[in-house]
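Structure, as structure tokens:
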Amino acid sequence: MLIAQVLLNAVVLGCLYAAIAAGFSLVWGVLNVINLMHGSFIVLGSYLAWLAYNALGLDPWYVLIAAAPIFFVLGYGLQRGLLNRVIAAPVLVTLTMTFGIDLILSNSMIKVFTADFRKLILDPPLGVWQLGPLVLPVDRALVMVLALALTGLLYLLLRHTRIGRAIIAVRLDRDAARLMGVNVNSVYASAFGLGAAMAGCAGVLLAMIFPISPLTSSSYLGKAFAVCVLGGLGSVPGAVAGGLFLGLLESFGALALGPEHGTTLSFAVLIVFLLVRPHGLLGKRGFE
Amino acid sequence: MTEVLALESVSRRFGGLQALQDVSLRLHKGEVLGLIGPNGAGKTTLINVITGVHRASGGRVMFQGEDITSRKPYQAARMGLARTFQIVQPFPELNVLDNVASAALFSQSGLTVAGARKAAEGHLEFVGLGSVSDRPAASLTLAMRKRLELAKALAMKPKILFLDEVNAGLNTAEVEQAMTLIRTLAERGLTIVVIEHLMKVVVDTCSRVVVLQNGRLIADGLPHDVVRDPLVVEAYLGQKYAKLAQQFAQGEQR
Amino acid sequence: MNTTTLLEVRAAQAGYGQVNVLWGVDLVLKQGEITSLIGSNGAGKSTLMRVLSGLVALRSGELHWEGIRLEAGATPASLLVLGIAHVPEGRRLFGAMSVEDNLLMGAYARKADRTTIRRDMDRVYTVFPKLFERRAQAGGTLSGGEQQMCAIGRGLMSAPRLLMIDELSLGLSPLLVDQLVQSLQLLNREGLSLLVVEQDVVTALELSNTAYVMDTGRITHHGHSAALLKDPAIREAYLGSAYA
Amino acid sequence: QDVVRFGAPLPLTGALAPEALKQRQGYDLWAEESNKKGGINVGGKKYRVEIVYSDYQSNTPRAVQTAERQITQDKVDFLFGAFGSGAAKAASTVTERYGRPSIAAAASSEQVYDQGYKYLFGTFTPNSTLTNPLADIVKTKLPPNSKVAILARNDLFPLSIAQEMEKSAKSRGFNVVFSEKYAINTMDHSAALAQVKAQNPQWIFMTGYINDLVLLRKQMADQRITAEVVTMIAAPAYKEFIDAAGQGAENISSASWWHPALRYKGTDIFGSTENYVKAFEAKYKSTPDYAQASASVAGALFQMAIEKAGTLDPAKVRDALAALDVMTFWGPVRFGPTGQINSLQPPVFQIQKGKPVIVFPAEAKQGEFQMGVK
Amino acid sequence: MKLNAYFLMLGLIVVAAMLPWTDSAYLMRLGTLAAMYSVLAVSWTIVGGFTGYPSFATAAFFGLGAYTGGILVARGWPLSLAVLCAALLAFVLALSLGSVLLRLKGHYFAIGSLAVVEVLRELANSSTELTGGGMGLNVPMSSGGSIAATASLFYWFMWALLLLCFLMARWIERSKLGFGLACIRQNEAAADMIGVNATLYKSLAFGFSAIFVGAAGAVYAAWVNYIEPADVFDVLLSVKPIVMALLGGLGSVSGAVAGALVFLGLEETLWRNMLEMHSAALGVLVVLLLLFLPHGLVSLPRRLARRASGASHD
Ligand SMILES: Nc1ncnc2c1ncn2[C@@H]1O[C@H](COP(=O)(O)OP(=O)(O)OP(=O)(O)O)[C@@H](O)[C@H]1O
Ligand SMILES: Nc1ncnc2c1ncn2[C@@H]1O[C@H](COP(=O)(O)OP(=O)(O)OP(=O)(O)O)[C@@H](O)[C@H]1O
Ligand SMILES: CC(C)C[C@H](N)C(=O)O
Ligand SMILES: [Mg+2]
Ligand SMILES: [Mg+2]
């Protein structure tokens with residue numbers, strides 16, 4: 001029974017992880033940028049949901065509709081205005097740039113929102129489903145479904161649209177993509193904007209479950225990293241697979257070795273995974 | 001003639017694709033072997049298997065009587081197997097001299113950095129890049145890079161030299177210069193394997209030609225015979241070329 | 001033969017960073033013609049092509065399309081819409097994309113519907129059956145010659161009016177060069193204009209109607225290909241002693 | 001007028017910021033109160049109190065640097081300890097090295113004080129003084145051999161108090177069926193909680209700082225975990241915890257080093273507990289809890305020791321502190337041989353109807369211990 | 001150009017030698033930290049700059065060194081011996097990890113190296129008997145000596161480490177090893193083909209890059225007297241050296257030192273002057289530097305010269 005409950009928890013958690021990582025994976029796999037701002041975007045999304053709920057009484061799932069364009073524009077602007085100027089430079093330069101911008105972002109968030117942990121407490125609460133001996137909090141279930149829907153949308157977008165193919169082409173060869181008539185700058189910025197939108201939306205959803213504070217951004221970032229490695233870079237199905245895998249690993253790791261070892265185990269497995277399957281569970285070399 | 005390299009039914013798969021199938025081949029010291037075949041026939045793959053870049057999925061590679069099937073590329077290099085890349089691979093930030101010096105330095109033991117540079121100068125002169133030795137490799141034109149690639153391979157004091165399309169992209173005059181270089185090397189007794197689509201080069205420099213198609217050897221013989229082989233004509237040369245070759249051969253006989 | 005001018009460049013100067021590569025180049029491409037561009041290594045042939053496709057900006061000089069002057073700073077996207085496609089030196093395939101996706105990228109700038117694109121793709125596959133065999137393989141793992149086919153096929157997918165191919169025969173087997181030349185001539189008869197850079201001078205001059213010879217950033221000769229093929233100076237410089 | 005400078009390295013930003021801000025309120029209140037009365041009387045001369053704050057961002061190594069910088073750069077005469085057992089312990093190496101008396105206003109673990117340091121004092125009694133009375137009360141309510149589950153943050157204070165809890169529980173015949181730690185920054189406790197639930201314990205004991213415990217409480221509810229007794233340390237005393245946990249706070253029990261409902265008559269600057277609470281409410285419009293009161297009393301104790309020593313000489317003030325035996329609004333104060341207070345009886349309380357209600361000791365008791373946490 | 005590096009080092013040594021005479025504990029602390037940061041940045045340059053492998057493992061070796069040193073010192077070992085042990089252990093670990101980890105390329109390597117930090121941190125966290133776990137480890141003050149004397153002991157120790165580290169990096173740069181690393185960085189497949197034993201070379205680079213980081217960790221532990229896993233295995237310890245190296249100019253040893261000094265200067269100034277917004281201000285500076293000085297401080301003289309000579313296009 002315990003096993004079944006842990007399994008259920010793990011799957012739910014895994015889907016959340018997938019939503020956390022999908023945008024990060026996209027930006028990393030496609031733009032070849034490790035976006036250290038990703039965690040802050042998520043937190044910012046959570047604040048958006050929190051503000052909307054407390055100030056306007058808007059439920060998070062409505063906020064989702066607004067968050068996507070807002071964060072898209074934010075990401076698009078940051079990429080166009082700052083990152084794009086060093087996009088041709090080696091990986092480390094763009095990484096450092098996102099590190100710098102993230103310092104600004106997170107410090108500003110602390111200034112504006114303080115480091116206090118906030119909670120978005122839905123009133124009335126959504127309650128808990130009792131499925132026989134198993135329990136499933138309704139908010140988690142809802143977030144899981146919405147998160148999966150979001151990732152699914154992203155997948156369709158990348159897979160079956162012109163812009164999706166263009167994003168991949170630009171990643172592989174800028175000049176050749178230009179020759180195909182792709183507006184490279186706008187594709188880069190769009191990809192980054194998509195990544196940011198995914199992060200923002202994930203943040204909105206997670207606000208229903210996790211406490212909100214600028215300080216949590218690094219844990220989100222850490223999860224995103226792990227998911228990408230486990231699932232494979234730049235691939236949406238990979239993010240889902242990686243997320244589920246991480247969820248399982250952490251939950252059963254905690255069960256077997258004690259709660260504080262869940263993360264250790266997942267990182268140890270991560271190293272092993274890197275060595276035997278550097279492209280992750282579902283990753284092709286660098287994109288989907 | 002001593003045998004330096006022997007392939008014993010070497011095979012290599014990529015997923016569902018059989019890139020090489022039971023290739024058996026012997027190479028003797030001092031030979032200049034032409035390796036030709038249609039695009040995608042497996043020529044580059046064959047070199048990659050011999051030099052350890054890819055592992056053979058079946059068969060053995062013997063070098064001077066020793067089994068080197070599972071050698072790593074750097075080990076193969078140190079044993080005297082040098083190759084040029086079909087798509088040139090210089091160290092872009094190093095200057096031309098250091099590109100060549102690096103080849104000398106790491107393929108042989110007992111050289112110092114200074115010694116390797118000294119040795120490199122000679123090779124650069126030989127390929128005609130002496131005047132650009134301090135330019136970064138990234139700034140060279142294609143023809144120069146191809147020659148740089150050759151100089152690097154030579155600096156490794158190879159026992160066998162694999163030239164993968166060193167002439168592609170060169171104009172006719174430049175090709176002639178390159179052929180002169182290859183012939184000089186052959187005269188010095190170096191064993192050379194030439195992959196080339198320019199039949200003129202193959203016919204004029206090789207002492208023997210083998211033909212790969214779909215991963216299998218389909219012909220082996222003297223250049224003039226091979227280019228007249230109907231199988232080869234059909235798979236690789238085309239009628240137009242065959243006619244040209246015919247004229248050419250007749251011209252030579254006259 | 002229709003002789004309206006398609007693309008014309010006048011007094012073009014262009015280069016990279018501090019260095020100038022083109023020093024006042026004039027070149028006229030006529031509708032329905034195959035033009036070849038030959039010259040020694042580093043002469044600036046590829047650079048000129050990049051100028052014509054908008055990859056490299058003109059430093060001075062003018063670009064005209066069907067008699068209308070194009071604004072400075074034309075991008076590849078805008079030129080592609082006019083019908084100019086460029087198969088670049090070094091092929092520049094999207095290495096991790098499948099052959100088929102590479103071809104689809106060629107049609108990126110087109111506003112055509114799926115069936116038209118599908119039809120054009122089938123045509124490319126008829127010209128290069130090998131590509132059809134390898135259509136699901138990643139571009140980067142193709143053999144050298146297969147990559148060349150894929151690059152040319154990708155260029156064709158934009159349904160261009162003018163196709164520019166840098167280093168046409170590079171790495172292709174003699175048989176394939178033959179077939180390619182025939183295919184290009186066929187496409188040409190159907191109305192496609194071509195600009196071809198080709199190291200094999202004989203092939204270049206046999207394929208083209210008009211030819212330009214370039215040396216250190218300037219056009220040194222131009223005229224009918226057949227005439228140039230007979231010109232002793234050209235033979236001496238580009239065919240080497242054996243052919244002189 | 002002359003000033004005497006006190007250094008207060010605090011985690012004003014970062015994870016521990018909410019608690020650091022409380023401490024700052026406590027220090028400020030004392031400084032204001034003291035200066036209102038003319039300052040500290042040092043051998044007949046009045047010195048104004050000045051507190052130098054610096055933020056170490058909830059980052060322990062920075063706390064050490066900050067403390068050192070306050071001594072060497074800001075030239076403070078005395079220091080308050082950094083927040084929490086971990087940082088206070090780390091920073092105490094500096095004050096010891098420089099020979100500056102320092103009072104830790106938020107460090108209760110014995111591991112902080114057992115280093116043989118002479119200049120370190122603390123206002124909190126050891127962790128066992130919380131767990132023992134708790135276990136005593138619960139013992140009277142639950143059948144013998146009841147099951148206890150303990151979940152602790154992997155951090156100095158929580159681990160230390162969890163160890164004490166385990167000891168207290170075992171020695172009273174409880175059956176400790178689960179005792180695990182969770183990593184700092186854990187956001188999802190569902191795996192650990194599922195295990196707790198599977199054990200079906202009567203008493204659940206959880207430790208951590210406020211953010212951890214709010215989260216744990218919510219996720220317990222998500223998993224429909226209930227127990228006869230749920231104890232959390234150290235957060236339920238804070239109004240912020242009660243607000244954040246809402247209904248979930250009901251019947252959560254805890255213990256703390258001080259409670260505003262206590263009634264001590266002190267000789268310190270604030271006088272009685274009542275006076276202190278009144279002064280605090282006047283200034284901040286809210287009721288103080290132990291985090292604020294501890295900071296204020298640390299200041300008040302410094303003042304008493306300095307006035308007694310009649311000098312600002314660090315060594316003399318240190319001796320005066322060590323010899324202190326006074327009554328304050330915080331309770332009777334005497335520092336034991338390690339420098340930690342050993343003269344207090346911390347109250348046990350429970351959240352009832354959204355208010356902390358003292359259930360022990362008898363003299364301060366406000367209500368009965370209630371069973372059942374849903 | 002080459003002289004410049006030595007001039008920089010010489011200048012630094014002179015300044016460093018004078019610092020203790022200022023008798024300012026604050027400056028001494030800053031000076032010690034400066035040397036420590038420089039050690040980290042220079043060490044990172046060996047693997048990140050020379051070899052082109054973006055390592056995030058710095059914190060792993062630092063933490064390992066800190067705990068090794070801390071535990072040994074706490075058990076009464078003399079500092080120098082403890083530091084030696086820490087350095088050795090870091091070297092051995094890096095060497096053996098390197099041969100496995102360095103099979104990964106680019107981003108994957110970055111993640112792999114980051115994961116090593118996480119795993120070691122959690123190991124330290126959970127081996128409570130040895131390390132004290134989350135409760136931290138007290139490293140008792142080295143006996144005797146005044147405050148000033150202890151401060152300058154650590155100060156000189158750290159600077160000695162920096163000098164050795166600097167010399168080692170310069171030596172590697174010129175040696176056959178350095179040459180091979182440059183080849184690997186630019187084109188690993190081609191390096192393989194000319195006979196470079198890439199696995200060995202990369203592992204060596206990784207190993208050498210760990211030695212002094214481990215040593216610095218050990219000195220740090222004794223210096224601050226108290227360490228905990230979250231502190232010495234802090235990911236920022238991995239990120240900062242990269243920022244410093246980039247500030248200085250990727251791949252340049254003296255650039256790394258210059259970058260470390262400038263970074264520390266900025267960090268400290270901002271921290272002192274704008275407490276609440278200092279990290280945002282640091283972020284702004286990082287962004288500006290990347291935008292306007294993408295090739296780092298080492299490119300500054302050349303740029304200035306170019307500006308002065310009036311060449312306008314860029
Ligand atoms: N890494 C790989 N993965 C999958 N297929 C591969 C890989 N490398 C080569 N191939 C396939 O193997 C076949 C042989 O390739 P190879 O490069 O050896 O041809 P080649 O004879 O050198 O051709 P060319 O003359 O065009 O250079 C080709 O069809 C190619 O697509
Ligand atoms: N991206 C670049 N940056 C700087 N210089 C370049 C660049 N590309 C080409 N050059 C230089 O410009 C000159 C002309 O090069 P270009 O490639 O146009 O010549 P080409 O005639 O196409 O030669 P090839 O026959 O070798 O292809 C050469 O000197 C070359 O070194
Ligand atoms: C304020 C308290 C929760 C601090 C705690 N007693 C500690 O030692 O860390
Ligand atoms: Mg090939
Ligand atoms: Mg060219």
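By convention in this document, chain letters (A, B, ...) are assigned in the order of the sequence lines, proteins followed by strands, and residues within each chain are numbered from 1. These values consider heavy atoms only, across backbone and side chains, with no hydrogens, waters or symmetry-generated copies.
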Checking [X] against chain C: side chain, backbone, both or neither under 4.5 Å from a heavy atom?
X	value
B:Ala235	backbone
B:Leu198	neither
B:Glu234	backbone

| said: Looking only at the side chains, is there a donor atom on one of C:Glu33 and C:Thr210 sitting less than 3.5 Å from an acceptor on the other? | reply: yes
| For chain B, which residues from residues 165-175 of chain C lie under 4.5 Å away (heavy-atom distances)? | C:Glu167, C:Leu170, C:Gly171, C:Leu172, C:Ser173, C:Pro174, C:Leu175
| Any residues in residues 180-189 of chain C near chain B, with a heavy-atom distance under 4.5 Å, and which are they? | none
| Test salt bridge (charged side-chain N to carboxylate O under 4.0 Å, His left out) applied to B:Arg147 - qualifying residues, sequence neighbours left out | none
Over all heavy atoms of both residues, which pair between [X] and [Y] is shortest? Give the atoms and the distance, please.
X	Y	value
C:Val21	C:Gly44	CG1-CA, 3.9 Å
B:Leu94	B:Asn99	O-ND2, 3.3 Å
B:Leu35	B:Lys43	O-CD, 3.8 Å
B:Pro158	B:Ala153	CD-O, 3.4 Å
B:Cys206	B:Pro223	O-CG, 3.3 Å

| message | Checking C:Lys130 now: which residues fulfil side-chain contact (heavy atoms from CB on, under 4.5 Å) with it, not counting sequence neighbours? | response | B:Asn214, C:Glu133, C:Glu146, C:Met149
| Below 4.0 angstrom, N of the basic side chain to O of the carboxylate: do C:Glu89 and C:Arg50 qualify? | yes
| query | Using the ring of each side chain (for Trp, its six-membered ring), is B:His197 parallel, tilted or perpendicular to B:Tyr236, with breaks at 30° and 60°? | reply | tilted
| Got more than 12 heavy atoms from elsewhere within 6.0 Å of CZ, B:Arg183? | yes
